[in-house]
Number of protein chains: 2
Amino acid sequence: MRAVCMPDGLSAEELSRLDEIICLSRRVSRGEALYRSGDTFSNLYAVRAGSFKTVVTHDDGREQVTGFAIAGEPLGLDGISDESHGCDAIALEDSIVCVIPFHLLEMLCRESRAVQRHVHRMMSSEIVRESALMMLLGNMRADERVATFLLGLSKRLEARGYSASEFNLRMTRDELGSYLGMKLETVSRTFSKLQRQALISTQGKSVRLLDTDGLRRV
Amino acid sequence: MRAVCMPDGLSAEELSRLDEIICLSRRVSRGEALYRSGDTFSNLYAVRAGSFKTVVTHDDGREQVTGFAIAGEPLGLDGISDESHGCDAIALEDSIVCVIPFHLLEMLCRESRAVQRHVHRMMSSEIVRESALMMLLGNMRADERVATFLLGLSKRLEARGYSASEFNLRMTRDELGSYLGMKLETVSRTFSKLQRQALISTQGKSVRLLDTDGLRRV
DNA sequence: CGCATCGTTGAATTCGATCAAAGAAGGTGG
DNA sequence: CCACCTTCTTTGATCGAATTCAACGATGCG
């Protein structure tokens, strides 16, 4: 698991130093917040089991889901800039996270080039991830959005050792719609449409990808 | 200028070390690329004069403007994750940037807690900035998007010592539309509408904010 | 000065939102 | 363990905002 959060290129000693600081893990039950917007930032997290959504609340009360994190993925990077979190991280199911005290990680960064590089990459990946999402929100039509989301999730699941073609969505249609910038009804209709086109088959939250090339062509 | 890119909390020595590594500046003329997607990442940049857009090109050739950088703002953070840039940075007018070799900055990070913190904040701010943009793209209607953009730009200009209420847009309606997830005609219509509502006055690229509270209420 | 790019406006169309209602799933307490 | 209630999902009908297509006017660069 640590290898997942903190990949290759680290020496045995660096890994053991990492082990020392990631001593704590925390359970978060379904619907509970790992952290909330405004909370003081002190830890990064890595999802060990389960999944989360991150939600930004706008001044006027409108909410938007800005991401989903599955096992093996980092959480909390948004908090670094001003020492407080900018979003809520809510468990979509009973979950467990590794707690990584950020000041210790920073310390390690100063000692190890490899650790430093890894942390920088994690943060920059987040920036790249969001660029892709902006493209989705800015340019794509409903069915392209859903297809892109499914292909992306499939890839992430595969990278973690799960099936790439058959999986359960942990979020509701409403949460997915919020993430993809569309209403829950449109999400539902789009699933039905993709199923009619024999690109996927769905049954509630369980999804099977039938024709990934077709999905890519949208 | 360096104080703008690299703010407070740094000791005299840290500042002078920074000075040493930011020795180079580079001119980029209008329409020219500072870097392109795929270019090897080796430097961060800070806009010293002028302005830039960053553009992501999708697999299928569609392009999206993902940001605008004005004087005093950093550029190139997207490249850190995989050592190559993920977007093009194109000058909107003849511009000058400070060149910050990233490996030197990394070195400095390892030596100085304050520098490290500043770099982390810069990266995390980028993440937060993109969250806000996602909210805009996902949830807002055309006039809200334009109003939000104008208020945000006004604030950034003010922070750099320019007028908050009167400025020239450096980008075309098309580029702005790409950024805001709408067509150039819609951008144009929206400007006209806001002008009819006496919230702004525009004349081509020059904009004056007449009623910022009104704009905030959308 | 002329040509190309950029901006504005109008009319028709389309896609997704909204309103509405009914059916499925899931968790809780009796 | 089942019934009930809540939450979630699906589907239909209508509506509205933004896109598309089109034409013209303005701007600015070479």
Side-chain angles (χ1 to χ4, degrees), chain A residues 29-32 51 53 62-65 68 90-94 136-150 168-197 200-208 218, chain B residues 29-32 53 62-65 90-94 136-150 168-197 200-208 218:
Chain A
S29 45
R30 179 196 168 88
E32 200 189 324
S51 52
K53 63 173 175 180
R62 278 182 293 192
E63 291 190 349
Q64 171 148 12
V65 174
F68 299 107
I90 313 284
L92 294 174
E93 58 194 310
D94 294 350
L136 182 147
L137 291 171
N139 283 329
M140 296 187 185
R141 281 168 308 98
D143 45 5
E144 297 183 79
R145 295 184 192 201
V146 172
T148 302
F149 169 78
L150 290 174
N168 285 305
L169 299 174
R170 292 286 134 96
M171 71 291 292
T172 66
R173 298 286 188 264
D174 195 25
E175 287 162 341
L176 190 47
S178 171
Y179 180 67
L180 296 177
M182 49 207 261
K183 294 291 145 177
L184 68 97
E185 294 96 327
T186 309
V187 174
S188 181
R189 273 185 245 277
T190 305
F191 273 110
S192 301
K193 183 179 169 190
L194 293 176
Q195 186 156 26
R196 243 177 288 124
Q197 298 172 333
I200 65 174
S201 84
T202 60
Q203 159 86 297
K205 290 195 157 61
S206 87
V207 177
R208 184 188 305 206
V218 183
Chain B
S29 46
R30 178 196 167 87
E32 200 189 324
K53 63 173 176 180
R62 279 182 292 192
E63 290 189 349
Q64 170 147 13
V65 175
I90 313 285
L92 295 174
E93 57 193 312
D94 294 350
L136 181 146
L137 291 171
N139 283 330
M140 296 186 185
R141 280 167 312 97
D143 46 4
E144 298 182 81
R145 294 183 193 201
V146 172
T148 303
F149 169 77
L150 289 174
N168 284 306
L169 299 175
R170 293 287 134 96
M171 71 292 292
T172 66
R173 299 285 188 264
D174 195 25
E175 287 162 340
L176 190 47
S178 171
Y179 180 66
L180 296 176
M182 49 207 259
K183 296 290 148 181
L184 67 96
E185 295 95 328
T186 310
V187 175
S188 181
R189 275 185 244 277
T190 305
F191 273 111
S192 303
K193 183 179 169 191
L194 293 177
Q195 186 155 23
R196 242 177 289 126
Q197 297 172 334
I200 65 174
S201 83
T202 60
Q203 160 86 296
K205 288 194 159 59
S206 87
V207 177
R208 184 188 303 208
V218 182

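Scope of the values below: all heavy atoms of this structure, side chains included, with no hydrogens, waters or symmetry mates.
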Exercise for review: Can you tell me the distance, in whole Å, between the CG atom of B/D174 and the C1' atom of C/dG7?
Suggested key: 11 Å
Practice item. Name the closest nucleotide to the A/S192 side chain, picking from D/dC21, D/dT10, D/dA18. Key: D/dT10
Practice item. Take A/R145 and A/L137 through the side chain to side chain contact (heavy atoms under 4.5 Å, CB included) test and state the conclusion after the steps. Key: CA-CA 8 Å; A/R145 295 184 192 201; A/L137 291 171; 4.0 Å; yes
Exercise for review: Please report, rounded to the nearest Å, how far the C1' atom of D/dC8 is from the CZ atom of A/R170.
Suggested key: 16 Å
**Study point:** Protein-nucleotide distance (B/L92, atom CG; C/dC6, atom P), rounded to Å
**Key:** 12 Å
Exercise for review: Answer with base, sugar-phosphate or nothing: what part of the nucleic acid does B/G177 contact at a heavy-atom distance below 4.0 Å?
Suggested key: nothing
Review point. So does B/R62 have more than 12 non-hydrogen atoms from other groups sitting under 6.0 Å from CZ?
Key: yes
Practice item. Go through D/dC21, C/dC15, C/dC6 for me and flag the one nearest to the A/R141 side chain. Key: C/dC15
Review point. Can you find an N or O donor on one side and an acceptor on the other, under 3.5 Å apart, linking the side chain of A/R30 with the base of C/dG27?
Key: no
Check your understanding: Rounded to the nearest 0.5 Å, what separation is found between the CD1 atom of A/I90 and the OG atom of A/S51?
Key -> 12.5 Å
Exercise for review: For side chain to side chain contact (heavy atoms under 4.5 Å, CB included), just list the numbers for A/R173 and A/F191, CA-CA rounded to whole Å, side-chain angles, deciding distance to a tenth of an Å, and then say yes or no.
Suggested key: CA-CA 10 Å; A/R173 298 286 188 264; A/F191 273 110; 3.8 Å; yes
Point to revise | side chain to side chain contact (heavy atoms under 4.5 Å, CB included) assessment of A/M140 paired with A/V218 | key: CA-CA 10 Å; A/M140 296 187 185; A/V218 183; over 6 Å; no
**Study point:** Separation of D/dT10 C1' from A/K205 NZ (nearest whole Å)
**Key:** 13 Å
Review point. Between B/T186 and D/dA18, does any side-chain N or O lie under 4.0 Å from OP1 or OP2?
Key: no
Revision key, fill the gap. Closest of C/dC6, D/dC8, D/dT19 to the B/T172 side chain is C/dC6
Point to revise | B/S188 side-chain proximity, nearest of D/dT11, C/dT8, C/dC6 | key: C/dT8
Point to revise | Whole-Å gap separating P (D/dT19) and CG (A/N139) | key: 11 Å
Exercise for review: Look at the side chain of B/R189 against the base of D/dT20 and say whether a donor-acceptor pair falls under 3.5 Å; ignore hydrogens and angles.
Suggested key: yes
**Study point:** A/L184 CG - C/dG16 C1' separation (whole Å)
**Key:** 12 Å
Practice item. Using a cut-off of strictly less than 4.0 Å, decide whether B/K183 has a side-chain nitrogen or oxygen near OP1 or OP2 of D/dT20. Key: yes
**Study point:** Nucleotide C/dG16, atom P - distance to CE of B/M140 in whole Å
**Key:** 21 Å
Check your understanding: Once you round it to whole Å, what is the distance between P of D/dT20 and CE of B/M182?
Key -> 13 Å
